[in-house]
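Residue numbering restarts at 1 for every chain, and letters A, B, ... go by the order of the sequence lines. Since we're looking at a predicted model, the values are computed, not measured.
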Number of protein chains: 2
Amino acid sequence: MPSSGSSRPAIPSRVTLKDVARLSGVSEISVSRVMRDAPNISKKLRDKVNEAADTLGYTPNRVAGALKSKSSKLVAVVLPSMSNEVFSQVLDGIEAILAQHGLNAVLGLSDYDPERELRVIRELLSWSPTGIILTGLHHNETVAKMIAQQNIPVVQIMDIEGTPLQSAVGISHTKAARAAADYLVEAGYRKPAYIGAWSERPERSHARRIAFEIRLVELGAPLVTHRIAPERSSALVGAEVTAELIKSHPDTDCVFYANDDLALGGLFHAMSAGLSIPMILQFLASTGSKSGKRPRSGCPASKHPASKWERVPLNCCWRPKPRAPRL
Amino acid sequence: MPSSGSSRPAIPSRVTLKDVARLSGVSEISVSRVMRDAPNISKKLRDKVNEAADTLGYTPNRVAGALKSKSSKLVAVVLPSMSNEVFSQVLDGIEAILAQHGLNAVLGLSDYDPERELRVIRELLSWSPTGIILTGLHHNETVAKMIAQQNIPVVQIMDIEGTPLQSAVGISHTKAARAAADYLVEAGYRKPAYIGAWSERPERSHARRIAFEIRLVELGAPLVTHRIAPERSSALVGAEVTAELIKSHPDTDCVFYANDDLALGGLFHAMSAGLSIPMILQFLASTGSKSGKRPRSGCPASKHPASKWERVPLNCCWRPKPRAPRL
DNA sequence: CATTCGATTGGTAACGCTGTCAATAATAAT
DNA sequence: ATTATTATTGACAGCGTTACCAATCGAATG
């Protein structure tokens, strides 16, 4: 109990470093170091502090720490929306790894609106995150400048075709679409069609379709037709558009869907219309459990076997400090 | 540019209140008030400050604000996982409303593990969130105590059967299951089966099954059989279990699935096995676009028509201060 | 005209923690 | 033994903002 007034119940004001320091008879900074698991702490001190902290039920105040160190254990994650299954899986993966490093995700959704995305990024940056994850590679100058000011790592996901601000993790939508075209033609299909939705809003789907079409022409099996629904993608739209497409182009022998839910709808239509769907088994197989622990080699956050240490850029662990060059 | 050394490029250190105050010739606190859109600010002052802030490209440092005010514009959101479609939709909805109020979600995933949930909650609370959203009603004393210490609003979601810490938003899984039983029996089905997965890990599904079974007995159409797969739910599991169940109990005329992906798998199986599925259209219809703006009446964050104001508990807007009683 | 009350602005002191620098003990090197 | 190096601990000063209190100004009151 940090402060106990005698007159009345007293506000159980937050337990701070100071309280722990007082109880354990060491300096505040030492408590701070123990809590952060810094290197070069004697076991004796560590034990003393931990005991006091447990007794008081101390929880570090990350806000104060972030203010002083100008970097928090938060990672800004900016996604376009949660409606697309892809992004919930992405977020799941992000969170899993962040958690292993004691980091937390602060989420921002742009709803595919660049202006809104800008606002969201600005908002999230005001939390001094230790890094930021953006979706896509198309970000304007303002974004670049804002992020540069904070000097934090940026990872852009979902796309790798273009120039990333720093680093990009994703797939080449062009190559993916070409691979799909190759696969279909090799499998013997010659009358491919394409179904997209929401007017191809996320540019990535447009890039995919174009690459798909070009490759098909190269392979001598050009697209029979394509449909881009104006609505957002959904299983219902997928089913309806598929029905219409098959009806007006009965010679179509395969369909490339821009989205998983569109494909699902198409699948429903095909099944109920009695069409043969040779790939359904593959689909089912790929719908298997998405969970399971993903082991990941991280930096050894709590082991400091050697001598001199420094924070690594990600700020989540320590590494040996390079020996300073003598003059 | 807050500080520009003449000797070298100089670190473009963060633009702060002080810089804005200097440029606009007012006090720091006034700048702070303008940025927070506090009441009782003259238009002249507001304009001066805003202009200076724009010139400098000032962005408030939420971390500092949170430290001083002991409350941030973050809302802690603790969900079990992102693998279940339900939770990504829930998160989508949460984010949409929070964004309207200038709040941001900090995400924590418990992976259905109470111990891990505790860690995550502790972690998130260290950011002085302005509120916290938990999943389910079953939380132990420690959680209750930690939250009580911070004195913030708690919303528990997904379930309303039990005693919430403060408030709960969700459905009655018991009633839902009974309603499903009623519906099926009324629709003429008499040989119901049940399929669940992952050993009924989230207690809610267990509650649902029991209520379903009881109601079915009451209605004179007891469960033919049930299957609880040990693996996590997935379409593949749904398909396999359905196949097995139908084979061993061919008289089954309807199935209650614990999860949407299980049901999807069941649907696939049924379709490819040529079974009639009277409800597929309903399913398709319900898979429609999940997006769309959800209008919501919030508190008027930026209007202060009257005289004396104070922060409202949620800390996202102002309300008139009640007149202090005279002695 | 003096007084009151509310509207508007400013000054000061933290919030709780960690970066920086410094001091002391312990150990190894010469 | 003496010096160099490393391991370990501490003191101090803010980080950038806002709570709290005080001051000023104007208009309305009596």
Side-chain angles (χ1 to χ4, degrees), chain A residues 2 13-22 24-46 48-49 58-73 126-128 304-311 315 320-321 323-324 326, chain B residues 2 11 13-22 24-46 48-49 56 58-73 126-128 304-311 315 320-321 323-324 326:
Chain A
S13 71
R14 194 187 181 97
V15 182
T16 74
L17 271 186
K18 193 181 296 194
D19 300 308
V20 179
R22 197 161 29 215
S24 56
V26 303
S27 70
E28 294 179 35
I29 182 67
S30 291
V31 178
S32 166
R33 283 200 270 250
V34 170
M35 299 319 290
R36 280 179 291 154
D37 202 23
N40 295 338
I41 304 276
S42 68
K43 186 172 183 323
K44 209 176 96 189
L45 198 162
R46 188 186 306 277
K48 246 193 312 193
V49 170
Y58 170 72
T59 305
N61 182 337
R62 265 51 167 9
V63 177
L67 175 59
K68 178 63 193 181
S69 67
K70 295 175 182 218
S71 130
S72 66
K73 291 223 174 296
S126 77
W127 288 105
S128 303
H304 324 281
S307 44
K308 305 199 174 174
W309 296 80
E310 67 175 6
R311 285 287 190 71
N315 235 355
K321 208 184 289 181
R323 194 187 175 91
R326 287 276 196 87
Chain B
I11 312 97
S13 69
R14 190 184 184 101
V15 181
T16 74
L17 273 187
K18 193 181 295 194
D19 301 308
V20 180
R22 197 158 32 212
S24 56
V26 304
S27 70
E28 295 178 35
I29 182 67
S30 290
V31 178
S32 166
R33 283 199 271 250
V34 171
M35 299 319 289
R36 280 179 291 154
D37 201 23
N40 296 337
I41 305 275
S42 69
K43 186 173 183 322
K44 211 176 94 188
L45 198 162
R46 190 187 304 276
K48 247 192 312 190
V49 169
L56 295 174
Y58 170 73
T59 304
N61 183 336
R62 284 356 172 51
V63 178
L67 175 59
K68 180 61 198 181
S69 67
K70 296 176 183 216
S71 127
S72 66
K73 290 223 175 296
S126 76
W127 288 106
S128 303
H304 323 281
S307 44
K308 304 199 174 174
W309 296 80
E310 66 174 7
R311 287 286 190 71
N315 235 352
K321 206 186 289 184
R323 194 187 175 92
R326 288 275 195 88

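Within the nucleic acid shown, A:R33 comes within 4.0 Å of at least one base atom, counting heavy atoms only.
One interatomic measurement links the two molecules: CG of B:L17 to C1' of D:dA19, which rounds to 14 Å at whole-angstrom precision. The NZ atom of A:K18 sits 13 Å away from the P atom of D:dC12 (whole-angstrom rounding). C:dG16 atom C1' lies 8 Å from atom CD of A:E28, rounded to whole Å. Spacing between atom NZ of B:K68 and atom P of D:dG14 amounts to 18 Å, rounded to whole angstrom units. The interatomic distance linking A:D19 (CG) with C:dG16 (P) rounds to 9 Å, in whole Å. Between the CG atom of B:L45 and the C1' atom of C:dA7 there is a distance of 13 Å, given to the nearest Å. Atom pair A:N40:CG and C:dA26:P shows a separation of 15 Å (rounding to whole Å applied). Atom-to-atom, CE of A:M35 to P of C:dT18 comes out at 10 Å; the value is rounded to the nearest Å.
In terms of phosphate contacts, A:S27 brings a side-chain nitrogen or oxygen within less than 4.0 Å of OP1 or OP2 of D:dG10. Within the 4.0 Å cut-off from OP1 or OP2 of C:dT18, at least one side-chain nitrogen or oxygen of A:R36 is found. Phosphate proximity of D:dT17 to B:N61: absent, as no side-chain N or O sits under 4.0 Å from OP1 or OP2. Remark: B:S30 is in phosphate contact with C:dG10, judged by side-chain N or O atoms under 4.0 Å from OP1 or OP2. Phosphate proximity of C:dT18 to A:S69: absent, as no side-chain N or O sits under 4.0 Å from OP1 or OP2.
Nearest-nucleotide mapping onto DNA chain C: of B:I41 and B:A64, the residue sitting toward the 5' end is B:I41. Both B:S42 and B:K70 sit near DNA chain C, but only B:S42 has its closest nucleotide nearer the 5' end. With the nearest nucleotide of DNA chain D identified for both A:V26 and B:V31, A:V26 has the one nearer the 5' end.
Across all non-hydrogen atoms, the minimal contact from B:P60 to A:S126 is O-CB, 3.3 Å.
B:V31 places a side-chain heavy atom less than 4.5 Å from the side chain of B:V26.
Atom CZ of B:R33 is separated from atom CZ of B:R46 by 11.5 Å, given to the nearest 0.5 angstrom.
B:S72 contributes a side-chain N or O that, together with a main-chain N or O of B:S128, makes up a donor-acceptor pair within less than 3.5 Å.
A:D19 and A:R14 are not joined by a salt bridge, as no carboxylate oxygen comes within less than 4.0 angstrom of a charged side-chain nitrogen.
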